[in-house]
Amino acid sequence: MSEEDAAKAIPAVVHMFSGCEDKQTSADVSNVASFQLPDPVGRAGGALTSSLLNVTYADHKDTCRDFSYMEVLEAVRGQLQSKGYTQMPQLSSSRKTNMGDKFTLVPDNFTGTRRAVMIGINYVGHNPGELSGCHNDVFNMLAYIKECHGFEDENITILMDDGNHTEPTSANIMAAYKQLAAETQEGDAVFCHYSGHGCSIKDDDGDEDDGMDEALCPVDYAKAGVLRDDDVFTTLVAPMPKDVLMTVVMDCCHSGTILDLPYTIVGNGEMQEMKLDEGFDFGPLLQLAKMGFEGLKQFHAQGKERRAKRRQRWKNRLGF
């Protein structure tokens with residue numbers, strides 16, 4: 001996999017901040033005041049969102065105007081450690097990013113449109129599983145991208161299970177991502193934020209080295225299922241045009257490779273530059289991208305049907 005191969009596979013420049021590695025779980029912050037953050041609703045927030053905003057937006061000010069990507073990653077790690085969290089933040093990218101470059105959501109000399117999709121799911125009424133800080137995360141991050149990076153309400157889509165916004169169901173999340181990719185043009189800047197549950201489930205198409213797919217949990221996951229990394233890649237990442245800078249913040253468990261990006265640096269205090277996953281194979285992902293989301297759903301449905309038939313054959317053999 002070369003830089004040229006990466007550019008062919010993913011035309012846009014995509015950066016993703018995730019709250020932890022695939023094997024780790026993220027955490028809620030019970031009181032965002034300990035991070036000196038605004039608190040529009042409730043007293044909680046996601047650990048990654050709270051830490052990132054305390055670095056970039058403390059006291060409602062653009063506090064990392066001249067920070068490099070490395071400085072932001074290290075500062076976020078320091079914030080997490082100071083609050084007793086063991087999760088390791090990481091930055092993944094579709095290109096090998098110079099960690100000394102200035103951190104930004106909008107490139108210099110920008111002339112395009114700023115677009116965003118913000119998702120916060122508290123799973124209101126779920127027992128167990130209800131969270132308390134994800135709506136807060138969205139409101140805090142929304143204020144940051146508007147005040148510090150010039151995003152405007154007319155180009156921001158918000159999904160929250162608060163009764164006032166579009167419900168973050170599986171269908172609505174994928175529709176928002178699909179619309180975002182369809183409307184984005186070359187030269188635009190895109191920001192996506194997700195705060196909610198994430199999970200790791202058995203891979204059913206053989207494209208994961210560890211045999212597991214990372215996934216997002218929409219509010220209706222019990223009925224509609226989860227959104228696998230394949231789903232997100234096919235709908236959001238692969239269709240993004242070239243010359244687009246897309247920054248994604250995934251504040252959920254098992255989020256390290258949710259976008260299937262080839263370059264990664266973990267904020268563990270040891271890595272100093274992004275590393276290419278030498279075993280990274282875009283072949284399966286590009287095949288999925290060609291299938292489109294509807295084809296992908298059919299593929300997963302066929303996989304469930306095959307597994308059900310295998311289970312029935314074994315039951316018949318064993319006399320169940």
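Just so you know, these numbers come straight off a predicted model, no measurement behind them.
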Nearest-0.5 Å distance, [atom1] of residue [X] to [atom2] of residue [Y]:
X	Y	atom1	atom2	answer
L259	C192	CG	SG	8.5 Å
I156	D153	CD1	CG	5.5 Å
I173	L236	CD1	CG	11.5 Å
I121	E167	CD1	CD	9.0 Å
M99	L73	CE	CG	5.0 Å
E74	Y69	CD	OH	15.5 Å

Side-chain donor/acceptor of [X] to backbone N/O of [Y], under 3.5 Å:
X	Y	value
T264	S92	no
D243	E186	no
D137	S195	no
D162	H165	yes
T169	N172	yes
T56	D62	no
D188	Q185	yes
N140	A143	no
R115	F191	no

> What residues, two or more places apart in sequence or in another chain, satisfy ring-ring contact (aromatic ring centres under 6.0 Å, His included) together with H197?
Replying inline: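 H197: ring-ring contact (aromatic ring centres under 6.0 Å, His included) contacts with Y123.
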For [X] and [Y], which heavy atoms make the closest approach, and how far apart are they?
X	Y	value
S170	A224	CB-CB, 3.8 Å
T184	V244	CG2-CG2, 3.7 Å
V55	A75	CG2-CB, 3.6 Å
E273	I265	N-CD1, 3.6 Å
L48	Q87	N-NE2, 4.5 Å
Y144	C64	OH-SG, 4.5 Å

4.5 Å side-chain heavy-atom contact, [X] and [Y]:
X	Y	answer
M240	V14	no
V190	L180	yes
L105	I145	yes
M160	V138	yes
M16	L91	no
Y177	D231	no
D101	S68	no

Flag for [Y]-[X]: side-chain donor and acceptor within less than 3.5 Å:
X	Y	value
H135	N122	yes
T97	H15	yes
D251	T49	yes
Q79	N54	yes

> With under 30° as parallel and over 60° as perpendicular, where do the rings of F151 and H149 fit, or are they tilted in between?
Replying inline: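 It falls in the perpendicular class, over 60°.
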> How are the rings of H126 and Y221 set to each other: parallel, tilted or perpendicular (split at 30° and 60°)?
Replying inline: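 Ring orientation, 0 to 90° scale: tilted.
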>> Taking the ring of F103 and the ring of F67, is the distance between their centroids below 6.0 Å?
In response: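 That pair fails the under 6.0 Å test.
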